[in-house]
Amino acid sequence: MPLPLREQAEVRDRWLAHRLTALLPGWMDDAGIDLWVLVGREYHEDPVLSTMLPATWLSARRRTVLLLHRTAGGVDALAVARYPVGVFRSAWRPEDDDPAATQGDAQWAAVRRAVDDAAPQRIGIDVSATFAHADGLSHTDHEQLLAALGPWAERVVPAEELAVRWLETRLPEEVAAQHAMNALVHTTIDEAFSRAVVTPGTTTALDVAWWIRQRFHDLGVDPWFQPTVDVQRAGLPGVHEDLVVEPGDLVHCDVGLRTLGLTTDTQRNAYVLRPGETAPPAGLVAAHAVGNRMQDLVTGAMVPGRTGDEVLAAARAGAAAEGIDGDVYSHPVGHHGHGAGPAIGMWDAQGGVPGTGQAVVHTDTTWALELCVRVPVAEWGGQVVRMALEQGIALTAAGVDYLDDRQTRLILL
């Protein structure tokens, strides 16, 4: 079960403080940025800024400006905001401003004073044509920030690399939390794919999808997308989300939850036993095993330092050599379900992904290992089954670790 909300807040704030002090200095050095400026307004948060707010803040308040200054001793975290911002040291006292000044003008003046004090060589801002996660500075705030910076504006550079490293890197404690989150997802799917939820001949795939969403709600976690459940059936080509579940069906789900500021993304498969059956048809068992083999090919290609496109090419070459027909569309998962970092294919981009596919794979990251294979099933008259799998994994210096293990056998419903 998830932690009580108060304990969740304490955990998230502890993680944030550690990331700011222990990890951010090195990332700023790697990116060559000595001042990182993040700006967000209430209900229009920069995706990075929202991960730096205290856990008790559910959105930015008015305009919130965070300044992260790389100093000899680490990173000086400053907030130019109307209210205190957690571990960030306040760099603005509105009550000291000229009463005739508008609050907006006074706030930008405070930003300028902080920048003058920092005297940075390179000022990073969140603008990016490649990663939406690193493109959170709005047009209005961008214009007003540059105006406030004056001559310092000449030193502004995109902070894309820095933003992606901040978002994609996981602490060991965060990886452990994602292990537990994936375990919760797997348990929920096992419940959903059982006779306690599904009555063959009566329950629809959509009924099961809504059961999963309600179950997440009851457990105190949120979905980050609407769960989907679909059916494949002998004699009925294609994948269908609007069918009543019947004996002999292959049932598949795609679900993801969010808690502790982190996300999961999982797909699993079940077979509905016919009367008298004790196991799925051998062809479906074999198809699932092919999917597991495709997972092995992808994880074997996930070498730190390779780009996402290089991992994709290596995995697809291995699949072709073994006669596997499949697609790979794996992605980082962390603060966001489709997280910042390298894309390893997309369902409609199997030759490489422009932009995000050129990003480099790093350790201490977590991923949704997402793919599918297409396999003809003899027991279904040679009908091709699309076996889709998705599983959380962590990539560390020790290699790939499955988060709460992967599915290697069809769930029997």
Side-chain angles (χ1 to χ4, degrees), residues 13 16-41 45-54 57 60-98 101-128 134-167 169:
D13 288 344
L16 173 60
H18 181 74
R19 291 165 67 86
L20 288 170
T21 57
L23 301 180
L24 185 57
W27 296 334
M28 294 185 73
D29 292 345
D30 291 344
I33 289 173
D34 53 331
L35 182 67
W36 191 11
V37 181
L38 299 102
V39 186
R41 280 176 288 166
E45 289 80 16
D46 177 322
V48 180
L49 180 143
S50 64
T51 69
M52 296 187 179
L53 298 176
W57 282 39
R61 298 182 181 180
R62 302 190 189 179
R63 177 183 283 109
T64 300
V65 182
L66 304 181
L67 304 173
L68 295 152
H69 178 215
R70 180 70 168 101
T71 66
V75 172
D76 191 10
L78 305 174
V80 182
R82 183 64 183 83
Y83 305 99
V85 187
V87 298
F88 288 80
R89 179 169 61 86
S90 179
W92 180 38
R93 286 169 47 92
E95 59 269 26
D96 294 339
D97 293 329
D98 181 348
T102 67
Q103 190 161 104
D105 289 343
Q107 185 178 25
W108 287 121
V111 171
R112 173 61 182 275
R113 289 193 297 270
V115 174
D116 287 342
D117 290 343
Q121 295 300 307
R122 283 165 52 91
I123 302 170
I125 61 172
D126 286 352
V127 293
S128 170
D135 194 36
L137 183 60
S138 74
H139 177 76
T140 297
D141 286 331
H142 190 183
E143 286 187 330
Q144 294 184 4
L145 173 62
L146 293 182
L149 290 177
W152 297 109
E154 297 179 358
R155 302 189 182 187
V156 166
V157 298
E160 177 184 283
E161 176 187 350
L162 181 53
V164 170
R165 290 302 297 277
W166 172 268
L167 292 173
T169 305

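What you see below is based on every heavy atom in this structure, not just the backbone, and it leaves out hydrogens, waters and symmetry mates.
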- Message: Apply side-chain contact (heavy atoms from CB on, under 4.5 Å) to residues Trp57 and Val85 and explain how you reach the verdict.
- Response: CA-CA 9 Å; Trp57 282 39; Val85 187; 3.7 Å; yes
If I take atom [atom1] from residue [X] and atom [atom2] from residue [Y], how far apart are they, to the nearest 0.5 angstrom?
X	Y	atom1	atom2	value
Arg113	Trp92	CZ	CH2	9.5 Å
Asp135	His142	CG	NE2	10.0 Å
Ile33	Leu24	CD1	CG	10.0 Å
Asp126	Leu49	CG	CG	8.5 Å
Leu162	Trp36	CG	CH2	4.0 Å
Leu167	Arg165	CG	CZ	11.5 Å

Heavy-atom closest contact ([X] atom, [Y] atom, distance):
X	Y	value
Pro54	Gly86	CG-N, 3.4 Å
Ala153	Leu149	N-CB, 3.8 Å
Gly136	Pro47	CA-CD, 3.7 Å

Within-4.5 Å side-chain heavy-atom neighbours: [X] and [Y]:
X	Y	value
Val115	Ile123	yes
Val75	His69	no
Leu145	Ile125	yes
Val87	Leu20	yes

Taking [X] for its side chain and [Y] for its backbone only, find out whether a donor-acceptor pair lies under 3.5 Å.
X	Y	answer
Arg70	Gly26	no
Asp34	Arg122	yes
Thr169	Trp166	no
Glu45	Gly40	no

- Test the Arg112-Trp108 pair against the cation-pi criterion, namely NZ or CZ under 6.0 angstrom from the six-membered ring centroid and within 45° of the ring axis.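 No - Arg112 does not lie over the ring of Trp108 by the 6.0 Å and 45° rule.
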- Go through the structure and list residues passing side chain to side chain contact (heavy atoms under 4.5 Å, CB included) with Thr21, not counting sequence neighbours.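 Thr21 satisfies side chain to side chain contact (heavy atoms under 4.5 Å, CB included) with no residue once adjacent residues are dropped.
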- Among all residues two or more places apart in sequence or in another chain, which pass the side chain to side chain contact (heavy atoms under 4.5 Å, CB included) test with Ser138?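 Applying side chain to side chain contact (heavy atoms under 4.5 Å, CB included) to Ser138 gives Arg41, His44, Thr140, Asp141.
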- Any side chain to side chain donor-acceptor pair (under 3.5 Å) involving residues 147-160? Give me the pairs, sequence neighbours left out, ordered by first then second residue. Asp116-Trp152, Ser128-Glu160
- Query: Looking at Val80, Leu53, Val65, Leu68, which one forms a side-chain contact (heavy atoms from CB on, under 4.5 Å) with Phe88?
  - Reply: Leu68
- Query: Will you find, in the side chains of Arg63 and Gln144, an N or O donor that is under 3.5 Å from an N or O acceptor?
  - Reply: yes
